Amino acid sequence: MGSTGEFGRRDLIKRAAALGLIAVPTMSVLTACASGGGDGDDNKVEKGKKSDKNPLAVNESAQLDVVIFDGGFGQQYAKDAEAEYKAAFPKADIKHAATQEIQTQLQPRFNGGTPPDLIDNSGAKQMDMGTLVGKKQLTDLNELLDAPSIDDPSKKVRDTLRPGVVEMGQFEGRETWILFYAYTVYGVWYSKTALAKLDAQYPETWDEMLAVCEKAKKKGIAGWTYPGKFPYYLPFSLYPFIAKIGGREVLDRIDNLEPNAWKDPAVKAAFEAYYELYKKGYILQGTPGLTHIESQTAWNQGKALFIPNGSWVEHESKPTTPADFQMAVGAPSSLDAKRDKMPFGTIWASGGEPFIVPKNAKNPQGGMELLRIMLGKKSSQNFIKQVSSLTSFNGGTEGLTLPPGLSSSQEALAKAGENVVNPRIQDWYVALQKEKIGVAALGEMMAGRMTPDEAITKIQKFADDTRKDDSVKKYKHK
């Protein structure tokens, strides 16, 4: 259970690369970003005539080129919005593509200065957003945000969004580079039915969590599982757990890459608590080798009680979810209710599914107009009904019968109130978060190949290396 050593670390990074986890920094991606300099105005279509019905001055006959990440939310919601676009601009052809290989598919197009007009930059192989912003590869979306909303022209698009969504897309200054379309609730997901069969409630304290896991173990059921091949899912419940223990400022220092931020006592306490799940045998056997789909399927099959995940899981795991599963999300348990800095109910919720309009897009007005359509009530309700997730549009649930998981997400948000955290490390430093913190440290710790102290030391070095790397654009909480 000791340190893997430097050879082991290199081996892990190679494994991450084989899995497609490494987004940046690689020479090809940095070259792609750097080579796309210039405004690309020569390649752009002429703007159309601005009007009340066309506030972004879309060229009504220009082709619209859209690439969607084909993951947990699928692509139908985007196709439906594209149909609305086609109805508004009948002369426009729409080129739609969907892939899980975002970086692989789009890197050559960024290199060639011919990126799509709108990209859903998500998934394990997403492009590093911090790098794209730092290399000035994205269009400022404030023009979209200041445009009239599709439903009520008296309101700007920005005034129809959930709190914090605009700020998430800002890295420094007031430019908004990213529009996070989904609104994701992260946490510890479970089945109310499975807990009821154990005569148990969702554990509000860590002692109760261990007790429930022990009770399940005696019945041949694991307490936890997670995507062992993609262990950066672990922070979905671990990061708000750290905030509960030490306060949201601990996460802010981590985001800011401050020296010794990872050596905060709250981090150590949280890591040791999670490591205890491994030591006590509460992790489903074989979990380190599971993908996100495989771990969710095992969870749906009742092989484990809890799984760290985001609210997309209800739609993504729908094919294997029993009808009586009663899916729900729980906030991290309190480690010590008397000493924790934040109350039980503290949860991570934020914008998800990042949409971008490349700076060198041929039809950026069209890309922004499609987003304007997607941020209307009709498209938002369609998304909610299709994929059991909220959108960044602040509303859209009126008159809808919500599925169990989404209803639970709403309840969790209401219970959290102002105690909602939003770690930015996952979108500021994608490579650090996924391949290094996730694969090379947390994954190793939860598999028993690294102790909490060793994991913390390793992660702090990763963070320090990133802070000292002049090729990586740095961001800080204001």
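Only a predicted model underlies this, so the values are computations on that prediction, with no experimental measurement involved.
For the residue pair Asn300 and Thr320, a side-chain donor N or O sits within less than 3.5 Å of a side-chain acceptor on the partner. Side-chain contact annotation: Asn363 with Gln63, donor-acceptor N/O pair under 3.5 Å absent. Side chains of Asp151 and Ser149: a donor-acceptor N/O pair is absent below 3.5 angstrom, by distance only.
In this structure a side-chain-to-backbone donor-acceptor pair under 3.5 Å is present from Lys86 to Pro90. Between the side chain of Thr321 and the main chain of Ser317, a donor-acceptor pair closer than 3.5 Å is present. Under the 3.5 Å distance criterion, the side-chain polar atoms of Arg109 are matched with a main-chain donor or acceptor of Thr114. Checked by atom type and distance alone, the side chain of Gln381 pairs as donor or acceptor with a backbone atom of Glu398 at under 3.5 Å. With hydrogens and angles disregarded, a donor-acceptor distance shorter than 3.5 Å links the side chain of Asp340 to the backbone of Leu335. Between the side chain of Ser392 and the backbone N or O of Phe180, at least one donor-acceptor pair lies under 3.5 Å. Between the Gln100 side chain and the Asp70 main chain, a donor and an acceptor come within less than 3.5 Å of each other. Not a single donor-acceptor pair under 3.5 Å links the side chain of Thr225 to the backbone N or O of Ser295. The backbone N or O of Asp65 lies less than 3.5 Å from a partner atom in the side chain of Asp117, making a donor-acceptor pair. With hydrogens and angles disregarded, a donor-acceptor distance shorter than 3.5 Å links the side chain of Ser379 to the backbone of Ile373.
Looking only at side-chain heavy atoms (C-beta outward), Thr99 and Val67 come within less than 4.5 Å of each other. Inter-residue side-chain proximity for Pro354 and Asp427 is flagged as unmet; no heavy-atom pair is nearer than 4.5 Å. In this structure, the side chains of Leu234 and Tyr239 stay at 4.5 Å or more apart for every pair of heavy atoms. For the pair Met168/Ile178, no side-chain contact is recorded, criterion being any heavy-atom separation below 4.5 Å from C-beta on. For the pair Lys415 and Phe344, the minimum side-chain heavy-atom distance is below 4.5 Å. In this structure, Leu145 and Leu161 have side chains that are in contact, with non-hydrogen atoms separated by less than 4.5 Å. In this structure, the side chains of Ile356 and Trp177 stay at 4.5 Å or more apart for every pair of heavy atoms. Side-chain contact between Tyr183 and Thr391 is absent, with no heavy-atom pair separated by less than 4.5 Å.
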Open item on the list: Checking Lys434 against Gln126 for the side chain to side chain donor-acceptor pair (under 3.5 Å) test, could you report, in this order, the C-alpha distance in whole Å, the side-chain angles of both residues, the deciding distance, and whether it holds?
Closed with: CA-CA 11 Å; Lys434 288 187 173 181; Gln126 69 182 161; 3.2 Å; yes

TODO: Walk me through it: do Trp299 and Phe325 pass the test ring pair (Phe, Tyr, Trp, His ring centres under 6.0 Å)?
DONE: CA-CA 10 Å; Trp299 172 61; Phe325 195 73; 5.0 Å; yes

Open item on the list: ring pair (Phe, Tyr, Trp, His ring centres under 6.0 Å), that's the test. Do Tyr181 and Phe73 meet it? Break it down for me.
Closed with: CA-CA 11 Å; Tyr181 184 62; Phe73 294 140; 8.7 Å; no

- [ ] Just do the side chain to side chain donor-acceptor pair (under 3.5 Å) check on Thr205 and Asp207 with the steps written out, would you?
- [x] CA-CA 5 Å; Thr205 70; Asp207 286 342; 5.5 Å; no

Open item on the list: Using side chain to side chain donor-acceptor pair (under 3.5 Å), reason through Gln386 and His315 one step at a time and then give a plain yes or no.
Closed with: CA-CA 8 Å; Gln386 283 189 22; His315 178 68; over 6 Å; no

- [ ] Just do the ring pair (Phe, Tyr, Trp, His ring centres under 6.0 Å) check on Phe89 and Tyr85 with the steps written out, would you?
- [x] CA-CA 6 Å; Phe89 307 108; Tyr85 184 99; 5.0 Å; yes

TODO: Starting from the C-alpha separation in whole Å, work towards a yes-or-no answer on side chain to side chain donor-acceptor pair (under 3.5 Å) for Glu214 and Tyr282.
DONE: CA-CA 7 Å; Glu214 181 62 28; Tyr282 297 153; 2.6 Å; yes

Task: Verdict with supporting geometry, Trp206 and Phe241, ring pair (Phe, Tyr, Trp, His ring centres under 6.0 Å) - done: CA-CA 10 Å; Trp206 196 252; Phe241 188 39; 5.2 Å; yes

Open item on the list: If you apply the rule side-chain contact (heavy atoms from CB on, under 4.5 Å), what do you find for Leu305 with Trp224, and how did you get there?
Closed with: CA-CA 6 Å; Leu305 293 179; Trp224 284 59; over 6 Å; no

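In summary, Arg424 and Asp255 do not engage in a salt bridge, as defined by a charged side-chain N under 4.0 Å from a carboxylate O. With respect to Lys473 and Glu172, a salt bridge is recorded, a charged nitrogen being found less than 4.0 Å from a carboxylate O. Comment: Glu369 engages Arg372 in a salt bridge, judged by a side-chain N to carboxylate O separation of less than 4.0 angstrom. The pair Glu84-Lys378 meets the salt-bridge criterion, since a charged nitrogen lies less than 4.0 angstrom from a carboxylate oxygen.
Of the options Asp146, Asp140, Thr139, a side-chain hydrogen bond (donor to acceptor under 3.5 Å, both in side chains) to Asn142 is made by Asp140 and by none of the others. Of the residues listed (Tyr226, Tyr274, Tyr186), the one engaging Ser237 in a side chain to side chain contact (heavy atoms under 4.5 Å, CB included) is Tyr274, and it is the only one.
Within 6.0 Å of NZ in Lys197 there are 12 or fewer heavy atoms belonging to other residues, nucleotides or ligands. Within 6.0 Å of the CD atom in Gln285, the count of heavy atoms belonging to other residues, nucleotides or ligands does not exceed 12. Counting heavy atoms of neighbouring residues, nucleotides and ligands inside a 6.0 Å radius, atom CG of Asp324 exceeds 12 of them. Heavy atoms of other residues, nucleotides or ligands lying less than 6.0 angstrom from CD of Gln201 number 12 at most.
The line from CG of Asp80 to CG of Asn382 is 4.5 Å long, rounded to the nearest 0.5 Å. Taking CG from Leu251 and CD1 from Ile242, the interatomic distance works out to 6.5 Å, rounded to the nearest 0.5 Å.
Closest approach of Leu390 and Gln410 over heavy atoms only: CD1-OE1, 3.8 Å. The nearest pair of heavy atoms linking Ala463 to Leu432 is N-CD1, 4.0 Å. A pairwise comparison of heavy atoms in Pro343 and Lys244 identifies O-CE, 3.4 Å as the closest pair. Between Gly123 and Phe69, the shortest heavy-atom contact is CA-CZ, 3.5 Å.
Taking the six-membered ring where tryptophan is involved, the planes of Trp312 and Tyr233 are perpendicular, since the angle between them exceeds 60° and thus also 30°. Using the six-membered ring where Trp is involved, Tyr475 and Tyr429 have ring planes that are tilted, between 30° and 60° apart. Ring geometry, Tyr77 versus Phe355: the interplanar angle exceeds 60°, so the pair is classed perpendicular (tilted spans 30 to 60°). Note: His292 and Phe230 have perpendicular aromatic rings, judged against thresholds of 30 and 60 degrees for the angle between ring planes.
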